[in-house]
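Keep in mind the model is a prediction, meaning the values are calculated, not measured.
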Amino acid sequence: MKFRIFTEPQQGATYDDQLAVAQAAERLGFDAYFRSDHYLKMGDHFSGLPGPTDAWTTLAGLARETSRIRLGTLVSSVTYRPPGILAIQVAQVDQMSGGRVELGLGTGWYEEEHAAYGIPFPPKRFGMLEEQLEIVTGLFSTPVGENYSFSGEHYSLVNSPALPKPVQDRVPVIVGGGGPKRTPAMAARFATEFNAPFVPFDKIAATFAGVRRACEAIARDPDDLTYSAAFVAAVASDEAGYARRAAAIGRETGELRENGLAGTPSEIIDRLGALQDDGVETVYLQILDLSDLDHLELLAAEVTPHFA
């Protein structure tokens, strides 16, 4: 089982805050540093200060200030960037990192941040996502010296040189969600990884089963996909420490235990074992307090070694 650190910088984090977490994650042996792609804080607990940072600008910086850890979005929103520009950004950051980038792509959902920054928010976005997945993967797979064209309902590309190219032969593409039909079908067509974000524990196995059926429907080997899940993490050696970590992120201890990877290390180990039995191969640990690097130290010392 792989473990990745997943952050929400829009809640209030500078680039330097994210750099500290990414470098600590790399030093401690985590597989990746991922971040959300949001421009407005959520809820009242976090201040959102000093303001948002752009996902791909941040990852470009981290690409030059880390050496091993993989870097990606969970997930970029199709509403923010035309697919041709997104492909250029992803390819460039992949070059800057020496081939360590992964692209999580989704429809976007937070209407308020679109209004706050003047970003159009169409009511129907699944078609945009499907076309962006086809375009980005098509641009990357077009041989050098050939052109790529696409004509769809939402986007049109005419004789694109499909440059630059990423370092990786195939940039990992992550598609996720809990929808029963369209999301599994898109994952089967375009993704290298399916992610179940904050899906109830007792629904994980059924969610994965739906994706596997979607793969079989198009004659793709379901085992060709990586199956992952994301949960908020709050772990401490004792109950008092756990209560402090839960309070720091504005969560109630009982609710957090029910829905997240929360409690003592032994509790988390048991929960992760059950997730592994349900087919989870990669876990995204959502870390909401980016100032608490001791939290990462504890996870690396007392939790992740049990799944090496």
query = Does some side-chain heavy atom of Phe201 sit less than 4.5 Å from a side-chain heavy atom of Leu275?
reply = yes
Just by modelled atom types, is the Ala274 backbone N or O under 3.5 Å from a matching donor or acceptor in the Asp277 side chain? no
query = Yes or no on side chain to side chain contact (heavy atoms under 4.5 Å, CB included) for Thr192 and Thr226, after CA distance, side-chain angles and deciding distance?
reply = CA-CA 6 Å; Thr192 56; Thr226 295; over 6 Å; no
Checking side-chain polar atoms at under 3.5 Å, does Tyr242 have a donor or acceptor matched by the opposite partner on Thr264?
no
Is Gln23 reaching over with its side chain to a backbone N or O of Glu65, donor-acceptor style, under 3.5 angstrom? yes
**Request:** Go through the side-chain N and O atoms of Thr53 and Gln18 and say whether any donor and acceptor fall under 3.5 Å apart.
**Result:** yes
Between the CD atom in Gln276 and the CE atom in Met1, the distance rounded to the nearest 0.5 Å is 4.5 Å
* **Contact check, side chains of Arg189 and Glu130, non-hydrogen atoms, under 4.5 Å** => yes
For Lys203 and Val199 the tightest heavy-atom approach is CB-CG1, 3.6 Å
- Item | Side-chain donor/acceptor of Glu281 to backbone N/O of Lys2, under 3.5 Å | no
Exercise for the section: Kindly indicate, with the supporting measurements, whether the criterion side chain to side chain contact (heavy atoms under 4.5 Å, CB included) is fulfilled by Thr107 and Met128. Expected result: CA-CA 7 Å; Thr107 59; Met128 295 171 63; over 6 Å; no
_Grouping I, L, V, M, F, W and Y whenever their side-chain heavy atoms are under 4.5 Å apart, do Leu103 and Leu59 come out in a common cluster?_
yes
Is Trp56 close to Val101 at the side-chain level, that is, under 4.5 Å between some pair of heavy atoms? yes
Are more than 12 heavy atoms from other residues, nucleotides or ligands located less than 6.0 Å from atom CG of Asp169?
no
Q) Just wondering, do Asn195 and Val75 contact through their side chains at under 4.5 Å, heavy atoms? A) no
With the 4.5 Å side-chain cut-off for hydrophobic clustering, are Ile249 and Leu299 part of the same group? no
The reported gap from CD in Glu102 to CZ in Arg70 (rounded to nearest 0.5 angstrom) is 4.0 Å
Nearest heavy-atom contact between Ala13 and Leu290 is CB-CD1, 3.7 Å
Practice item. Ignoring hydrogens and angles, tell me if any N or O in the side chain of Lys124 forms a donor-acceptor pair with the backbone of Phe126 under 3.5 Å. Key: no
Checklist entry - Within a strict 4.5 Å, meaning less than it, do heavy atoms of the Asp289 and His295 side chains meet? => result no
Please check: side-chain N/O of Glu8 versus main-chain N/O of Leu288, any donor-acceptor pairing under 3.5 Å? no
Could you please spell out the steps behind the side chain to side chain contact (heavy atoms under 4.5 Å, CB included) verdict for Phe231 and Val280?
CA-CA 12 Å; Phe231 301 99; Val280 176; 5.8 Å; no
- With hydrophobic residues grouped by side-chain heavy-atom distances under 4.5 Å, do Val232 and Tyr110 end up in a single group? no
Checking the side chain of Ser36 only, and the main-chain atoms of Leu74 only, is there a donor and an acceptor separated by less than 3.5 Å?
no
Q.
Tell me if a side-chain donor or acceptor on Arg81 pairs with a main-chain N or O of Leu86 at a distance below 3.5 Å.
A. no
Problem set entry | Donor-acceptor contact present, side-chain Tyr155 to main-chain Ile135, <3.5 Å | no
Are Val90 and Pro166 packed together at the side-chain level, in the sense that at least one heavy-atom pair is separated by less than 4.5 angstrom?
no
Output for pair (Thr79 OG1, Gln132 CD), nearest 0.5 Å, gives 8.5 Å
Problem set entry | Val235 side chain near Arg245 side chain, heavy-atom distance below 4.5 Å | no
All heavy atoms of Glu26 vs all of Ile69, minimum pair found to be OE2-N, 2.8 Å
Is there a side-chain contact between Thr57 and Tyr15 in this structure, where contact means two heavy atoms from C-beta onward sitting under 4.5 Å apart? no
Shortest non-hydrogen pair, Gly179 vs Pro184, comes out as O-CD, 3.2 Å
Within the side chain of Lys41, is there an N or O that forms a donor-acceptor pair under 3.5 Å with the backbone of Pro52?
no
- Phe194 and Leu285: same hydrophobic cluster, using ILVMFWY side-chain contacts below 4.5 Å? yes
Thr66 side chain vs Arg68 backbone, donor-acceptor pair below 3.5 Å: no
Rounded to the nearest 0.5 Å, the SG atom of Cys215 sits from the CG atom of Leu225 at a distance of 4.5 Å
Separation between CG (Leu71) and CE (Met96), nearest 0.5 Å, reads 10.5 Å
Self-check item: Near-ring test Tyr80/His114, centroid separation under 6.0 angstrom
Solution: yes
Would you tell me whether Thr58 and Arg35 have side-chain atoms, one donor and one acceptor, within less than 3.5 Å of each other?
yes
Discussion item. Run Asp17 and Thr7 through side chain to side chain contact (heavy atoms under 4.5 Å, CB included) and show every step you take.
Written reply: CA-CA 11 Å; Asp17 294 330; Thr7 65; over 6 Å; no
Value for CG (Leu296) from CZ (Phe3), rounded to nearest 0.5 Å, stands at 13.5 Å
*Would Val303 end up clustered with Tyr33 when hydrophobic side chains under 4.5 Å apart are linked, directly or stepwise?*
yes
Closest non-hydrogen contact found for Arg125 with Pro123 is NH1-O, 3.5 Å
ask   = Does the side chain of Glu113 pick up a donor-acceptor pair with the side chain of His38 at under 3.5 Å?
value = yes
Closest non-hydrogen atoms of Gly263 and Ile268, given as atom of the first, atom of the second and distance, are N-CD1, 3.9 Å
